[in-house]
Amino acid sequence: GIEIQGPTQVDKCRGVQFKAVGQYDAGPVRPNIDVAWSVGGDQNLATISNEEGSKGLLKTTQSGSFSVTATQGEISQTRDVTSNDNLTAVAVDSASIAKNNTQQLVATATYQDAGTEDISTISTWTSDNAGVASVDSTGVAKGVAAGSAQITAACGGIQGSAAITKTAESSGDTLKINENKDITLKQNEEDEDKLQLTLWLITDSDTKKVTKDANWSVDNDVQSAIT
């Protein structure tokens, strides 16, 4: 048979690890056997993972009663679970994100027992100004344009917001010499080789020559000069 190890009472918006123990007619009990997990009853209340690395991790988003089942082949075991409304607050740290950069925002839940937990992956994320900063379902925010926006994480009817401010223009401008091609100068005893270098400034919206605006220098062991 199968024995489920895990609580019958959990907190809303709080992750709880469930495990399955195998019981056999002959031989020792096997802890933490590989089973398929599922949630019964109102499936809007909770989910349980079957992914490697988080298998058996139960996450609830509402208060209420449901069941958790562990199945291996034709054998299964079910446990009734109640999710309690002990969530008191959700907080999100503010951030400043440059245009086209991303940053993982963290939603932290606080419970009646004063415990806290990262609930970023089970929160619902929204932005009140996606033209300035967008956010995906896991809380990764992206700077879109200069300005400010409020990013909100919500779980179980409780939400917290973060101010995404002073979102700067892109700091990813680049300089390239001769379109970033390799340059080789060969010198013989009679003549000096000359090569015209061109410096390009590449931004999000434009590419232009800035050769005359640059301060040029040479850093090598060969006698070279830039004019």
Side-chain angles (χ1 to χ4, degrees), residues 1-24 29-93 102-128 130 133-142 150-162:
I2 297 174
E3 176 189 350
I4 294 178
Q5 293 184 340
T8 58
Q9 301 286 326
V10 299
D11 291 333
K12 175 180 68 176
C13 298
R14 198 172 201 170
V16 179
Q17 184 66 54
F18 278 71
K19 296 181 179 180
V21 174
Q23 301 173 327
Y24 303 90
V29 172
R30 296 182 182 178
N32 201 21
I33 62 173
D34 187 23
V35 297
W37 293 97
S38 59
V39 171
D42 189 348
Q43 297 185 3
N44 293 322
L45 300 181
T47 60
I48 191 164
S49 175
N50 281 295
E51 300 293 328
E52 291 298 327
S54 62
K55 200 163 191 175
L57 181 62
L58 177 74
K59 296 179 180 180
T60 61
T61 55
Q62 300 292 336
S63 57
S65 298
F66 55 93
S67 62
V68 171
T69 299
T71 302
Q72 187 183 74
E74 298 181 353
I75 301 174
S76 64
Q77 181 64 42
T78 298
R79 168 167 290 193
D80 293 329
V81 180
T82 299
S83 174
N84 299 306
D85 193 5
N86 292 327
L87 177 67
T88 60
V90 175
V92 181
D93 291 336
T102 60
Q103 182 172 328
Q104 174 67 62
L105 302 181
V106 177
T108 303
T110 302
Y111 306 92
Q112 290 182 3
D113 62 1
T116 60
E117 186 168 317
D118 180 352
I119 61 168
S120 303
T121 59
I122 61 173
S123 295
T124 299
W125 292 89
T126 56
S127 170
D128 73 344
S134 61
V135 64
D136 69 10
S137 60
T138 63
V140 176
K142 181 178 181 179
Q150 288 285 330
I151 301 292
T152 299
C155 187
I158 297 179
Q159 65 183 35
S161 297

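The first residue in the sequence is number 1, and the count goes up from there.
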Review point. Please walk me through it: do T110 and T116 pass side chain to side chain donor-acceptor pair (under 3.5 Å)?
Key: CA-CA 5 Å; T110 302; T116 60; over 6 Å; no

Can you see which heavy atom on [X] is nearest to which on [Y], and at what distance?
X    : Y    : value
L87  : A109 : CD1-CB, 3.5 Å
G1   : I75  : CA-CG2, 4.1 Å
S83  : T60  : OG-OG1, 3.5 Å
S127 : V135 : N-CG1, 4.0 Å
L58  : A46  : CD1-CB, 3.9 Å
S65  : T82  : OG-OG1, 3.5 Å

Return the [atom1] to [atom2] distance between [X] and [Y], rounded to the nearest 0.5 Å.
X    : Y   : atom1 : atom2 : answer
T71  : Q77 : OG1   : CD    : 10.0 Å
E3   : R79 : CD    : CZ    : 7.5 Å
I151 : D93 : CD1   : CG    : 13.5 Å
L45  : Q62 : CG    : CD    : 7.0 Å
T121 : L57 : OG1   : CG    : 7.5 Å

Heavy-atom donor-acceptor pair, [X] side chain to [Y] backbone, under 3.5 Å:
X    : Y    : value
Q5   : V21  : no
D128 : Q150 : yes
S123 : W125 : no

Practice item. Assess whether side-chain contact (heavy atoms from CB on, under 4.5 Å) is satisfied between Q159 and V90, documenting all intermediate values. Key: CA-CA 5 Å; Q159 65 183 35; V90 175; 5.7 Å; no

Check your understanding: Do V10 and V81 come close enough that some side-chain heavy atom pair is under 4.5 Å?
Key -> yes

Would you be so kind as to tabulate the donor-acceptor pairs closer than 3.5 Å made by side chains of residues 33-43, with sequence neighbours excluded?
from: D34; atom 1: OD1; to: K55; atom 2: NZ; distance (Å): 2.6
from: D42; atom 1: OD1; to: N44; atom 2: N; distance (Å): 3.0
from: Q43; atom 1: NE2; to: V39; atom 2: O; distance (Å): 3.1

**Study point:** Residue among Q112, R14, Q9, K12 satisfying side chain to side chain donor-acceptor pair (under 3.5 Å) with N84
**Key:** Q9

Point to revise | Trace of the side chain to side chain donor-acceptor pair (under 3.5 Å) decision for T69 with T78 | key: CA-CA 4 Å; T69 299; T78 298; 2.8 Å; yes

Check your understanding: Does a sphere of radius 6.0 Å around CD in E51 hold more than 12 heavy atoms from other residues, nucleotides or ligands, not counting ones at 6.0 Å or beyond?
Key -> no

